[in-house]
Amino acid sequence: MVTAAYSYLGSSTLDDGLTLQTSGGPAAHPRFFTGFLTDPGAAATGLLSVAEVARTRYFRPVSPASLDPVVTAGSDRLRFESFSGCCGVYARMDVLPAGLDGDIVAHGTTNVDVNAPLQRALSRVGRTDPLQVAVGPDDLTVTTFDGEVVERKVPLPSRWLRGFAEAQVLTSRFDPRARIGVTEARALLNRLAAADRSVLWAVPAGRTLRFTSRPAPGAVCLPGAGRLVALKPFLRYAVSLTVYGPPVAAGSGPVASTWELGTPSLRLSLTLSPEPYRGFSGEGAVLESLSSDEAADDADLISALLSWDPTIDVDALAASSGLGAQRVRDALTQLGTAGRVGFDVAEGGYFHRTLPYAADAVEKMNPRLAGARSLAAAGAVTAGAGVSVVVSGDETYHVRHADGVFSCTCPWWARHRGGRGPCKHALAVRIVLAEAEAEADNDAGADVAAGGAGAGTGLARGAGAAGGAHAGTVTGTAFTETAEACA
């Protein structure tokens, strides 16, 4: 379990006078947002759906999980997020600018419990009833005709941090695949049984979707159709259903997908893991990005450059930082592992959160990455041209690598075939090969520098000036944060 203490709610400013931001904020009880939601019935239903997902374990149901959605106030919208108790369903409700009647005066994130009193209050909100919310660093306050309900901050499950990162990487590969009207969406969702755990494929067919048992180009995977049940109450407000997924072909295996109901002011989406028994926290989609030695340093730089725009522009960050687009994405993955960044499939861009960021926590939450680094540091990898050898315990494994594609002779690879990320042996080889390539580049750079020094000092001075200009591009608001591990 993880909780966070934030030292600053915004940047200090110097204009007519000096304004310092402190952990107390501009008022005794600071708020990120206070105001009314303009579509109260839909917003109340959507929040109940997000809380319902947090309460539910879709695979091997046992006792209910805690209802503790994460609430983020961005520059122009509110986001409510949760994972199911089995971590196989990621739910999010975005309250768009048209859905807010109030000002977002600060940016931040908190996670609160949605318990019985708030559930009762939200269930009684009609289409035209007033619904006021106040989001602060320590609580969520909801006011209805029944009165005021205050939900306090609760510990965040550490498994959710891994789930946030994995869902971010997976959904960043999605494209919109189909969009149908609410009448067709209602007929479609009402045909799905709550207990259905089969893997289906949805194929656009006229104004609706047709389900098949086999993948085909243009199809969207529906793994565990019963997991979409939380969308059904929102149908009476929605105007359309949009489905997102990665490209698939005949013979493709199960993949994740996002199913989103929308109104002009709200979006409610469920992202399903590739199979009902699989949680996002174990997908391993982040491991290749995190294995780079540059990722942590790049994440610090990108974190300083992030602004609170509704969508984070990768190309703009690449230009500002001097990094390539792939290194920016790897850095965003590192930040996502700590809950600092998410991905919005509807807008095709990343967005901010302010959950705790601690670089040393990344490997603790990813044991395969920690194991790979241990193997690399212990000299257990013998790199070869096309095939490398890894000695792990009493076993020896062969890792094939060509054109960036890795495979291994270990049982993990034999079982998953790369479908749940690389094994630790392939990661270890990737780390060793990257270190060797970096060392070769450094040696080549040293040779060039030595040749330039023999020719004169003008080249060195020019490089220094360029380096200074590059360093000057690093700007941004610094947030001081601490993270505490909770039992």
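Each residue takes its place number in the sequence, starting with 1. The analysis underlying the following values was restricted to heavy atoms, covering all of them including side chains, and did not include hydrogens, waters or symmetry mates.
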Q.
Applying salt bridge (charged side-chain N to carboxylate O under 4.0 Å, His left out) to Arg120 and Asp146, what does each step give before you reach the verdict?
A. CA-CA 9 Å; Arg120 286 194 297 269; Asp146 291 335; over 6 Å; no
Pairwise distance [atom1]([X]) to [atom2]([Y]) - rounded to 0.5 angstrom:
| X | Y | atom1 | atom2 | answer |
| --- | --- | --- | --- | --- |
| Tyr350 | Arg329 | OH | CZ | 6.0 Å |
| Phe174 | Thr258 | CZ | OG1 | 4.5 Å |
| Leu268 | Thr45 | CG | OG1 | 9.5 Å |
| Leu301 | Leu317 | CG | CG | 9.0 Å |

Q. Going by the angle between their ring planes, with limits at 30° and 60°, are Phe234 and Tyr237 parallel, tilted or perpendicular?
A. tilted
Q. Taking Arg92 as the fixed residue, which of Pro69, Ser82, Ser269 is the one that meets the side-chain contact (heavy atoms from CB on, under 4.5 Å) rule?
A. Ser269
Heavy-atom donor-acceptor pair, [X] side chain to [Y] backbone, under 3.5 Å:
| X | Y | result |
| --- | --- | --- |
| Arg368 | Pro422 | yes |
| Asp313 | Asp315 | yes |
| Arg210 | Val203 | no |

Q) Between the side chains of Ser273 and Arg227, is a donor N or O closer than 3.5 angstrom to an acceptor N or O? A) yes
Q: Go through the side-chain N and O atoms of Arg353 and Thr109 and say whether any donor and acceptor fall under 3.5 Å apart.
A: no
Q | Val53 and Tyr58, any side-chain heavy atoms less than 4.5 Å apart | A | yes
Q. Does a side-chain N-to-carboxylate-O contact under 4.0 Å join Arg278 and Glu166?
A. no
Q: Taking only Lys NZ, Arg NE, NH1 and NH2, and the carboxylate oxygens of Asp or Glu, determine whether Asp129 and Arg124 approach each other closer than 4.0 Å.
A: no
Q) Which pair of non-hydrogen atoms, one from Ser252 and one from Trp201, has the smallest distance, and what is that distance? A) O-CZ2, 3.8 Å
Q: Test Arg152 against every option in Asp113, Asp138, Asp139 by the salt bridge (Lys or Arg N to Asp or Glu O under 4.0 Å) rule and name the one that passes.
A: Asp139
